Amino acid sequence: MSTIRISLLLLTFLPQLLFSQSNLHGIDPTDLDRKADPCNDFFEYANGAWRANHPIPASMTRWSKRWEAGESSKDKLKEILEAATASKNAPKGSVDQIIGDYYGACMDESRVNARGMEPIKPWIARIDAARDMPELQRIMADLHDILVTDPFNFASQQDFHKPTWVLADIGASGLGLPDRDYYLKPEPRFKEAREKYVAHVAAMFKLAGWNEKTSAAAAETIMKMETKLAEATLDNVTLRDPAATDHNTTFAQLQAMAPHFDWAQYFQHKQIPQDVDLNVDQPRFMREFDRQIQETPLADWKVYLKWHLLNSTAKSLAAPFVEEDFAFNGKYLSGATEMKPRWKRCAESADNLLGEALGKKYVEKYFPPDAKARMQELVRNLLAAMRDDILTRPWMSDDTKEKAMAKVATFNIKIGYPDQWKDYSHVDIRRDAFFEDVIAGRKFVEEDDRATIGKLVDRGRWTMTPPTSNAYYTPLLNEIVFPAGILQPPAFYNDAVDAVNYGAIGVVIGHEISHGFDDQGAQFDYLGRLRNWWTDTDLKQFQEREACVAKQFDNYFIEPGVHHNGKLVLGESIGDLGGAKIAFLAYEKSLEGKPRPAEIDGFTPDQQFFLAWGQFRGDEIRPAAQRLMVQTDPHPIAKYRVIGPLSNLPEFQRTFSCKADAAMVRPQTERCEVW
């Protein structure tokens, strides 16, 4: 998104700005498809012309002003990284040395290609030399240190019942396809994916020097082992229920669950005491893992670990590995037709592994110091609207309202960047060894996470980097977080009327607030504890309202026979519905006692509000990416993120004078309202 100049917040909170409301712009009317009827297809009306005039770039799977802005942010990262790379005197361990040498090594493609698969040969040799399963388990632990987390992962997690405390968490992993259903469902698209995956695994092994017969046999071994793991893995909808992965476990119980894995050695390797507080996400999966340790030949386990090492590190190897990885994951599964340029992939890699080092430079250059306070003011305004909304819910008892209000009152707000930056000074980054730099970055990420286990929660930590064009809510911390990367057009403008900013970033803020009261967030109280704080009657009413939203999205198809799973996208859909409603309420409240703003380009302020949301969410998405999203992503596709919530709002119907039988007006008996 364009350069962040966030003197840019809503004029409601910026009386000191020198320009008046009258010379601020509204939505971009050139984005509109005037042939479309806003009451029939508001998505097409709001942004159809923009999408028609801006086809998806070959390297992207979806495209809109929002995605365009996110990609243009990487131009800014490129400037920062190139300047750091050009610096010849940066002290060892400084931010400029770390990000500059990382980027410089990544951009030295000729050196990376000349090394071929040489960087992973020592790992392959170790796996080949393992004489027995205990030795292979020690290698598995070493692989976990570099984030090759198969077939299980070990990481930190807040305790669902003592959210001020960080415990160790063991989760299911080990699959190369996007989720369990790709292995198990009989539909043609999943069957084809399995066939393509087997061919892809074989192709990667051939690039590693294996002959065709050995590669094909190895690919079949991988599919067989992963299918068994998939059968024991929870599906995506079940994983949305916090209770489904809430299994506080002692070390002795873990050992009994998977007795053929040397947990004592593993915990010693991780420098984690055996009496640590521990959670096992999926006990059934761990029992299947143990069964495979017993019954699967050592040779097959070696093939499995070599594949997951190769699969995990392919993007950091020579061009043939990168290209084959893209051919399957980028082109076949997601629909992109060409890779992003090398510089952009290097910038993304630096952000992924060294994000707060790079992010520190980013916010210094592109995020003004006063932006946090101004954004916090806007968030407080949306929280006030949420409080007003809760108090008017006729279906909630006073007791439940009181507990909900406590949750709103304790929301923690994070804006732009962390108050305390991570220290990367000890990460050994070299200009001439990109693969080793990736490994060093991965080790930092793993060690940084593991160091939190068995300690009080550090509420200052972030799970997104500052340049990220996104936002999130964490129920265990009851916090909403908005990185600097999202605080730019088309989400956030310095030269637009209030209606546009409330309709774009305002709905995003409302969305994140609503996550505190969606199907997952509503299970956590104001302290972040997983417990029921609802009366029985109120909970039943809430679940009926959830079911309405799930049913609505179950009926949104992306192609014949393929539709959204309403339960999978339930949380995000409640977020969009609640976000649009409370952002509109907040905007209306901001106008109290003021003259009604004038129309701009023939659109009323209320119309500007809804059009801003339609244009912010105006993604064109490739068919392959849509199929992948419908199967694995808790977010609906953009079209339904616009049509879905707005078709439930009487405010939208009134604003565009839509008739009761219009497509954008759900019948009264089917209209969904949660918040």
Side-chain angles (χ1 to χ4, degrees), residues 1-2 5-39 42-50 65-66 374-375 377-382 384-385 388 487-510 579-618 642 645-646 649-659 662 664-665:
M1 302 180 181
S2 64
R5 296 184 53 201
I6 307 182
S7 308
L8 58 116
L9 255 171
L10 306 186
L11 301 186
T12 305
F13 309 114
L14 299 181
Q16 67 271 40
L17 290 181
L18 298 180
F19 41 77
S20 66
Q21 184 88 355
S22 62
N23 54 26
L24 298 177
H25 71 75
I27 54 92
D28 189 341
T30 64
D31 290 355
L32 304 175
D33 180 356
R34 303 277 187 171
K35 299 186 298 296
D37 180 354
C39 295
F42 189 71
F43 181 74
E44 181 63 27
Y45 179 76
N47 61 73
W50 192 93
K65 279 188 170 180
R66 183 173 68 95
R374 294 171 177 173
M375 183 67 176
E377 186 68 29
L378 177 57
V379 175
R380 283 193 289 269
N381 202 26
L382 270 291
D388 291 346
L487 301 179
Q488 55 179 315
F492 200 37
Y493 295 84
N494 68 331
D495 55 357
V497 292
D498 288 1
V500 171
N501 280 320
Y502 272 99
I505 194 65
V507 179
V508 174
I509 294 168
K581 179 180 178 180
I582 67 170
F584 188 82
L585 290 174
Y587 175 58
E588 291 290 294
K589 189 175 181 64
S590 76
L591 298 177
E592 290 177 0
K594 302 175 185 177
R596 191 75 180 173
E599 292 186 1
I600 301 177
D601 297 316
F603 294 105
T604 68
D606 290 359
Q607 289 172 333
Q608 298 271 337
F609 172 93
F610 289 114
L611 286 165
W613 177 244
Q615 293 187 349
F616 175 72
R617 283 284 173 216
V642 173
L646 300 191
L649 297 182
E651 296 86 351
F652 175 84
Q653 179 185 2
R654 182 178 64 249
T655 295
F656 286 93
S657 302
C658 299
K659 296 180 180 179
M664 283 297 301
V665 179

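Here, residue 1 is the first one in the sequence, and each next residue gets the next number. Remember, predicted model here, so these are calculated numbers, not experimental data.
- Using a 4.5 Å heavy-atom cutoff, the side chains of R34 and P29 are in contact.
- Taking the six-membered ring wherever Trp is involved, the centroid distance between the rings of F610 and F652 falls below 6.0 Å.
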Sequence neighbours excluded and cut-off under 3.5 Å, please list the side-chain donor-acceptor pairs for residues 596-603, or say none.
residue : atom : partner : partner atom : Å
R596    : NH2  : D606    : OD1          : 2.7
R596    : NH2  : D606    : OD2          : 3.3

Item to complete: Begin with the C-alpha distance, continue with both residues' side-chain angles, and end with the deciding distance and a verdict on side chain to side chain contact (heavy atoms under 4.5 Å, CB included) for I505 and F616.
Response: CA-CA 9 Å; I505 194 65; F616 175 72; over 6 Å; no
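- Of all non-hydrogen atoms in P605 and Y587, the two that sit nearest each other are CB-OH, 3.2 Å.
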Worksheet entry | side chain to side chain contact (heavy atoms under 4.5 Å, CB included) between L611 and F42, worked out | CA-CA 8 Å; L611 286 165; F42 189 71; 3.6 Å; yes
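- Nearest heavy-atom pair across L382 and G506 is CD1-O, 3.7 Å.
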Worksheet item: Can you list the steps and then say if M664 with F656 is a side chain to side chain contact (heavy atoms under 4.5 Å, CB included)?
Response: CA-CA 10 Å; M664 283 297 301; F656 286 93; over 6 Å; no
Practice prompt. Give the C-alpha distance, both sets of side-chain angles, the deciding distance and a yes or no for side chain to side chain contact (heavy atoms under 4.5 Å, CB included) between D28 and K65.
Written response: CA-CA 11 Å; D28 189 341; K65 279 188 170 180; 3.3 Å; yes
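- Between the side chain of N47 and the backbone N or O of G614, at least one donor-acceptor pair lies under 3.5 Å.
- Residues A662 and C658 share a closest heavy-atom pair of CB-CB, 4.2 Å.
- In this structure, CG in D498 is found 6.5 Å from NZ in K594, a value given to the nearest 0.5 Å.
- Considering every non-hydrogen atom in both G48 and D33, the closest pair reads CA-CB, 4.0 Å.
- The line from OH of Y502 to CG of L591 is 8.0 Å long, rounded to the nearest 0.5 Å.
- Here the CG atom belonging to L487 is positioned 12.5 Å from the CG atom belonging to N494, to the nearest 0.5 angstrom.
- Using modelled atom types, no side-chain atom of Q608 and backbone atom of V500 make a donor-acceptor pair closer than 3.5 Å.
- Closest of all the heavy-atom pairs between A612 and A504 is CB-N, 4.1 Å.
- Atoms CG and CZ, from L649 and R654 in turn, are 10.0 Å apart once rounded to the nearest 0.5 Å.
- Taking CD of Q615 as the start and OH of Y45 as the end, the distance is 10.0 Å to the nearest 0.5 Å.
- For the atom pair CD of Q607 and CD1 of I27, the computed distance is 9.5 Å after rounding to the nearest 0.5 Å.
- Judged by distance alone, with hydrogens and angles left aside, the side-chain atoms of N501 form a donor-acceptor pair with the main-chain N or O of Y493 at under 3.5 Å.
- A 4.5 Å side-chain heavy-atom check between K589 and D388 finds at least one atom pair inside the cut-off.
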